[in-house]
*Asks:* 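Here's a structure for you.
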Amino acid sequence: MDTYRIYALRYAGPEESSRALLMWNRDWDQRVERAYYFWCLVGPEGPVLVDCGVTPERAAQRGLKNFHHPVEVLAGLGIAPHEVRHLVLSHLHWDHCGGAGFFPQAQVHVGQAEWEFWSTSPLAQRSICTILHEPGDLDALVTAQQEGRLHLHTGYARLAPGLELVPAPGHSPGLMAVKVATEKGEAVLASDCGHTFANLREDWPSIFIFNLPQWLESMERLRGLVAAPELLFPGHDIELSKGYEEVAPGVTRLV
Ligand SMILES: [Zn+2]
């Protein structure tokens, strides 16, 4: 049985906001910390990244606090960019895909609906969408497409034994979660299908809703895939840093 270790790599944060940002339309009077992550899966298929952080330029433009270059954070695991075999982009919001150019040899995996929306839909140019994504975010993906490294997925897809891509739309048009075989059983990286553990546990999306019915279905789907509730990991919860063993600066081992 092929199993993987899962690492969370924090490339920015913590930052603080009203909890209503992450728990849609409630808890206006409470504060919550969030951070910015990508993930590394280490196992038989070589290092696989789920998302990739952003460039220093985009971090500065967006005013990210405590930014660390994703390549330097990854170096804490002793992994160089050219060793990354697969890069799964859970979705194409700026904070998840902007660093794709750091990994020019990786096979890149994106949900087909995600790719089509952000690369072709006129709606993607509307201001409510441009706060989540900018055209420049796709440059490295266009290059990957020209080089035959861009793989678009429409449903469940097996990346390798023990690694499966799972459709989880709702926060964005074609968000993909990643199901991972671990020594503790099946785990799922939900990315922003749940910004925090509370979203997934309490069945409550954040304010960044693209399609609410789809989102509710996706959360239910992901909860049904894990061997235990604590093996369903969210996208921005500061607990990903605080609740696990830190194995290198900004890097924690989740499983
Ligand atoms: Zn995000």
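On a predicted model such as this, the values are computed, not experimentally measured, just so you know. Scope of the values below: all heavy atoms of this structure, side chains included, with no hydrogens, waters or symmetry mates. Both ligands and their constituent atoms are indexed starting at 1 by order of listing.
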*Asks:* Once the angle between the rings of Trp215 and His195 is folded into 0 to 90°, is it parallel (under 30°), tilted (30 to 60°) or perpendicular (over 60°)?
*Replies:* tilted
*Asks:* Centroid separation under 6.0 Å, is that true for the rings of His236 and His96?
*Replies:*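 Close enough - the centres of the two rings lie under 6.0 Å apart.
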*Asks:* Counting backbone and side chain alike, does His93 bring an N/O/S atom below 2.8 Å of the Zn ion (ligand 1)?
*Replies:*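 It does not; every qualifying atom lies at 2.8 Å or beyond.
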*Asks:* By atom name, which N, O or S atom belonging to His96 lies closest to the Zn ion (ligand 1)?
*Replies:* NE2
*Asks:* Is there an N/O/S atom in His195 at a distance below 2.8 Å from the Zn ion (ligand 1)?
*Replies:*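 For His195, the answer is no, given that no N, O or S atom comes within less than 2.8 Å of the Zn ion (ligand 1).
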*Asks:* Can you spot which of Thr252, Val251, Val255 makes a side-chain contact (heavy atoms from CB on, under 4.5 Å) with Tyr7?
*Replies:* Val251
*Asks:* On the six-membered ring of Trp94, is Arg62 placed so that its NZ or CZ lies under 6.0 angstrom from the centre and within 45° of the ring axis?
*Replies:* yes
*Asks:* Kindly give the atom name of the N, O or S atom of Asp95 closest to the Zn ion (ligand 1).
*Replies:*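 Minimum-distance N/O/S atom of Asp95 relative to the Zn ion (ligand 1) is OD2.
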*Asks:* In degrees, rounded to 10 degrees, what angle do His236 atom NE2 and Asp192 atom OD2 make at the Zn ion (ligand 1)?
*Replies:*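 Computed angle, vertex at the Zn ion (ligand 1), rounded to 10 degrees: 100°.
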*Asks:* Over 60° means perpendicular and under 30° means parallel, so classify the ring planes of His86 and His109, tilted if in between.
*Replies:*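 Answer is tilted, since the angle falls between 30° and 60°.
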